[in-house]
Number of protein chains: 2
Amino acid sequence: MTDERRKFKRESAEARKEALILATLELVADNGVRGATVRGIAQRADVTQGLIRHYFSSKEELIIAAYEHHMNQMTDLTFAPGAAAGSARARLRAFVDGSLTPPVVDPRALALWASFLNKVQNDPQMKETHERTYAYFRDRLEALITAALEEAGRPAPAARLRQLAIACNAVIDGLWLEGGALPDAFAPGELVEIGRHSVAAITGLDLMQEAGT
Amino acid sequence: MTDERRKFKRESAEARKEALILATLELVADNGVRGATVRGIAQRADVTQGLIRHYFSSKEELIIAAYEHHMNQMTDLTFAPGAAAGSARARLRAFVDGSLTPPVVDPRALALWASFLNKVQNDPQMKETHERTYAYFRDRLEALITAALEEAGRPAPAARLRQLAIACNAVIDGLWLEGGALPDAFAPGELVEIGRHSVAAITGLDLMQEAGT
DNA sequence: CGCGTAATTATGCAAGTGTATAATTTCTCC
DNA sequence: GGAGAAATTATACACTTGCATAATTACGCG
């Protein structure tokens, strides 16, 4: 009746790494980076803690991998729907919609963003990932606005395009933030509606009517 | 030559509590809530760790006190300039300006907000503080928008006023966030300018010209 | 089927954590 | 100026943390 050594199953490196990363994201969202302990992560992934060291040379490395995984997932989610289809106006609207709909708008996504912020500002590698992702978002938004304005016969100088992109990005970020922080404060579709109205008002484009292909 | 016991000076309870709270905010901004250790806080406040227990019954209580202190300071800062002066339009513009100028826009303020988010979502007392502060902001903004629209002879129904307030709040939040996250990405006054333009575009009010008293 | 290797578990360690409590110092009041 | 009380320091303790290393197991390959 002595304690038996735990049975286990061998998995591929990719599967194990991904499982550990997902467990890490769960714990980071709930308890912050420091609250995501090696033991807690191992337990969540149904594994003993030593295994983490086998796949990641340190907790720091696991955290960085988890952050990159999360950021990649967020960009994939945002640009999944209607990426390159239809008019510039339709694509702009799809961008707004995707950014303001679950699972992008999500308390857990917000919690992760907040939890990683400290590390992002200090760790150079995480900072690089963050700035790359942020620049990708904003450049893409600026390109969409530029194209939509030209399409409407109302081209604008570069300086103004930059400000429009910053402003639209800010509304979207702000709505994303509030939707994640107060999930029950908004009716379904309300954030999208407000987001469309706001981007339309800022740019002077009409995003509300259903567009042709 | 034996180690001498440390000399100290007695301070009032208020002064000591405030010093401890300020030290706590420093460490929380740098290292997150869990990274703000009791020993670290004591060192920053130039005090030994036992003293913290003398003024706060637990670290949790100190954290909550620090959070409330920070939130109160933020609202005071936002509403300090031109609180009740001038036309509704001027007051709305003062609100935008105050929200998008240092020291409200500040990397440290953003780091604090992010660091506290986890606890805010779990701890009921912190959640209450957060929701009260948020509601205060948005109600105030909605009242300003309502008054400014009436002043301009363009009253709007309640549902629309709510959406306008949400949208304007979102732009301001988003610009605040980006200004704190990327302090060097914006020229001085640029956030204010973009914020004014955006709120003006969303509400249809003219916030750009210098208003009369 | 059995051998070897890599995956996985088990155990241990030194440093750091919050908190409790005892020892000392400072300051007020008479 | 001295006694008493409150503020402050000092010390200790049980627990958690990340990391290192040894012991074992599962599985592919001959």
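First the proteins, then the strands, lettered A, B, ... as listed; each starts at 1. Hydrogens, waters and symmetry mates play no part in the numbers below; they use all other heavy atoms, side chains included.
- For A:Val38, counting side-chain heavy atoms from C-beta on, the closest listed nucleotide (D:dG18, D:dT8, C:dT9) is D:dG18.
- Side-chain contact between A:His70 and A:Ile21 is absent, with no heavy atoms from C-beta onward closer than 4.5 Å.
- Note on B:His54: a side-chain N or O is less than 4.0 Å away from OP1 or OP2 of D:dA7.
- Nearest nucleotide to the A:Arg10 side chain, out of D:dG18, C:dA10, D:dT25: D:dT25.
- The separation between A:Glu4 atom CD and D:dA23 atom P is 21 Å, rounded to whole Å.
- Side-chain contact check for A:Arg132 versus A:Met71: every heavy-atom pair is 4.5 Å or farther apart.
- Here the nucleotide nearest the side chain of A:Arg53, chosen from D:dA26, D:dC19, C:dT25, is D:dC19.
- Looking at heavy-atom distances under 4.0 Å, B:Thr37 makes contact with sugar-phosphate atoms alone, never a base.
- Between the CG atom of B:Leu51 and the C1' atom of C:dA23 there is a distance of 15 Å, given to the nearest Å.
- Residue side chain B:Arg39 does not reach the base of C:dG16 through any donor-acceptor N/O pair under 3.5 Å, judged by distance alone.
- Judged by distance alone, with hydrogens and angles left aside, the side-chain atoms of B:Glu190 form a donor-acceptor pair with the main-chain N or O of B:Ala187 at under 3.5 Å.
- Atom CD1 of B:Ile63 is separated from atom C1' of C:dG18 by 12 Å (rounded to the nearest Å).
- No donor-acceptor pair closer than 3.5 Å links the side chain of A:Arg44 to the backbone N or O of A:Ala23.
- A:Gln49 comes within contact range of at least one nucleobase, with a heavy-atom separation under 4.0 Å.
- Mapping B:Lys7 and B:Lys59 onto DNA chain C by nearest heavy atom places B:Lys59 at the nucleotide closer to the 5' end.
- Applying the 3.5 Å distance criterion, the base of D:dT9 shares no donor-acceptor pair with the side chain of B:Arg6.
- Atoms CZ (B:Phe8) and C1' (C:dT25) sit 4 Å apart, rounded to a whole Å.
- Across the protein-nucleic acid pair, A:Ile41 atom CD1 and C:dT8 atom P stand 17 Å apart, rounded to whole Å.
- Rounded to a whole Å, the NZ atom of A:Lys9 is 10 Å from the P atom of D:dG28.
- Within 4.0 Å of B:Arg16, counting heavy atoms only, lie sugar-phosphate atoms of the nucleic acid but no base atom.
- Atom CZ in A:Phe56 sits about 13 Å away from atom P in C:dA7, given to the nearest Å.
- Put simply, A:Tyr55 has no side-chain N or O that comes within less than 4.0 Å of OP1 or OP2 on C:dA7.
- With salt bridges taken as basic N to acidic carboxylate O contacts below 4.0 Å, none links B:Asp139 and B:Arg162.
- Along DNA chain C, the nucleotide nearest to A:Ala13 and the one nearest to B:Arg34 differ in position, and the one closer to the 5' end is contacted by A:Ala13.
- Between the P atom of C:dA7 and the NZ atom of A:Lys17 lies a distance of 11 Å, rounded to the nearest Å.
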